[in-house]
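Predicted model, so just to flag it, every value in this text is computed and none were measured. What's counted below: heavy atoms across the whole structure, side chains too, no hydrogens, waters or symmetry copies.
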Amino acid sequence: MERFFLLALSCLCASRVTADSLSPPVNVTIKAVKANSAVVTWDIPEGDPVIGFAITQQKKDVRMLRFIQEVNTTTRSCALWDLEEETDYIVHVQSISMSGASPLSEPLRFRTPKEAETQASKSKDEVTMEEVGQTTQLRAGELIIIVVVLIMWAGVIALFCRQYDIIKDNEPNNNKDKAKNSSECSTPEHPTGGLLRSKFPKNNNNNNRMPSVNIIEV
């Protein structure tokens with residue numbers, strides 16, 4: 001048994017009071033169409049004293065329809081539910097005022113998709129969002145690696161500069177030490193220093209030993 005109140009289109013038109021001064025809704029569109037649901041939106045002409053709306057929903061080539069009415073509201077949209085997949089529908093929207101209802105809007109036709117198509121579209125959107133999240137994570141990881149490498153290179157360069165300054169500061173002290181050692185080993189004949197060597201040949205006769213003089217020769 002149908003859970004919703006169904007009326008014949010002819011009975012609806014005969015029983016409703018139409019307000020001559022009230023314009024029908026405009027820009028009637030259908031959004032978020034799924035296998036079993038959809039959303040109807042519309043606009044109201046400026047200046048109309050609207051207090052509610054009425055929607056007629058009808059399957060194509062079927063005389064029976066569903067009637068939805070709501071008053072004391074300023075909403076400009078309505079959800080359609082319990083639709084059948086792969087089915088053509090026709091929707092009309094009316095504005096309601098204190099004096100009655102407006103004429104019917106232009107008919108809006110739409111078709112519901114298959115349930116499998118809806119699920120495939122949803123899965124595709126989920127995969128796309130997941131790929132975007134993975135791409136963001138990869139970019140963040142790459143930035144972290146680049147920053148770490150730059151910090152390491154900066155540390156190596158700073159250490160090299162420090163060692164270079166230490167070596168450069170020690171060079172004058174090393175030159176002074178070398179000059180001091182060279183002056184200590186020098187003589188008047190050989191001011192630059194040299195080795196000790198006998199100037200005269202050795203005499204094996206112990207009785208005729210000649211004095212020897214050791215000099216420093218370079």
* Asked: Please walk me through it: do Phe160 and Val156 pass side-chain contact (heavy atoms from CB on, under 4.5 Å)?
  -> CA-CA 6 Å; Phe160 174 79; Val156 171; 5.5 Å; no
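- Between Thr112 and Val33, the closest heavy-atom pair is CA-CG1, 4.2 Å.
- Taking the charged nitrogens against the carboxylate oxygens, Lys34 and Glu115 have no contact shorter than 4.0 Å, which rules out a salt bridge.
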- request: Please step through side-chain contact (heavy atoms from CB on, under 4.5 Å) for the pair Val71 and Gln69, ending with a clear verdict.
  value: CA-CA 7 Å; Val71 294; Gln69 178 175 316; 4.1 Å; yes
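- Between Ser95 and Leu22, the shortest heavy-atom distance links the atoms O-CD2, 3.3 Å.
- Met98 and Ile96 fall within the same hydrophobic cluster, where Ile, Leu, Val, Met, Phe, Trp and Tyr residues are linked whenever their side-chain heavy atoms come under 4.5 Å apart, directly or through other members.
- Placement of Phe110 and Val40 within a single hydrophobic cluster is found when ILVMFWY residues are connected by side-chain heavy-atom separations under 4.5 Å, directly or transitively.
- The CG atom of Leu83 sits 6.5 Å away from the OG atom of Ser37 when rounded to the nearest 0.5 Å.
- In this structure, Asp43 and Asn27 approach most closely via the heavy-atom pair OD2-ND2, 2.9 Å.
- Each of Pro24, Pro25, Ser23 was evaluated against Pro45; a single residue qualifies, Ser23, per the side-chain contact (heavy atoms from CB on, under 4.5 Å) test.
- Atom CG of Leu108 sits about 5.5 Å away from atom CD1 of Ile30, to the nearest 0.5 Å.
- Looking at every heavy atom in both residues, Pro49 comes nearest to Ser97 through O-CB, 3.1 Å.
- Taken from OG in Ser105 to CH2 in Trp42, the straight-line distance is 9.5 Å, to the nearest 0.5 Å.
- To the nearest 0.5 Å, atoms CD1 (Ile51) and OG1 (Thr74) are separated by 12.0 Å.
- Of the N and O atoms on the side chains of Thr75 and Thr73, not one donor lies less than 3.5 Å from an acceptor on the other residue.
- In this structure the side chain of Leu80 reaches within 4.5 angstrom of the side chain of Val91, judged on heavy atoms.
- Note that CG of Asp88 is 4.5 Å distant from CZ of Arg111, once rounded to the nearest 0.5 Å.
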- Message: For a side-chain contact (heavy atoms from CB on, under 4.5 Å) check, start with the C-alpha distance between Tyr89 and Arg109, then their side-chain angles and the critical distance, and finish with the verdict.
- Response: CA-CA 6 Å; Tyr89 288 91; Arg109 295 176 173 82; over 6 Å; no
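- The backbone N or O of Leu159 lies less than 3.5 Å from no partner atom in the side chain of Tyr164, so there is not a single donor-acceptor pair.
- Nearest heavy atom pair, residue Ser77 against residue Phe53, reads O-CZ, 4.4 Å.
- No side-chain donor-acceptor contact under 3.5 Å links Glu142 to the backbone of Ile146.
- Within the model, atoms CZ of Phe67 and CD1 of Ile55 stand 9.5 Å from one another, a figure rounded to the nearest 0.5 Å.
- Between Lys59 and Glu84 the shortest heavy-atom distance is NZ-OE2, 2.5 Å.
- Cluster annotation: Ile90 is not connected to Met64 through the hydrophobic network of ILVMFWY side chains, with a link wherever side-chain heavy atoms come within less than 4.5 Å.
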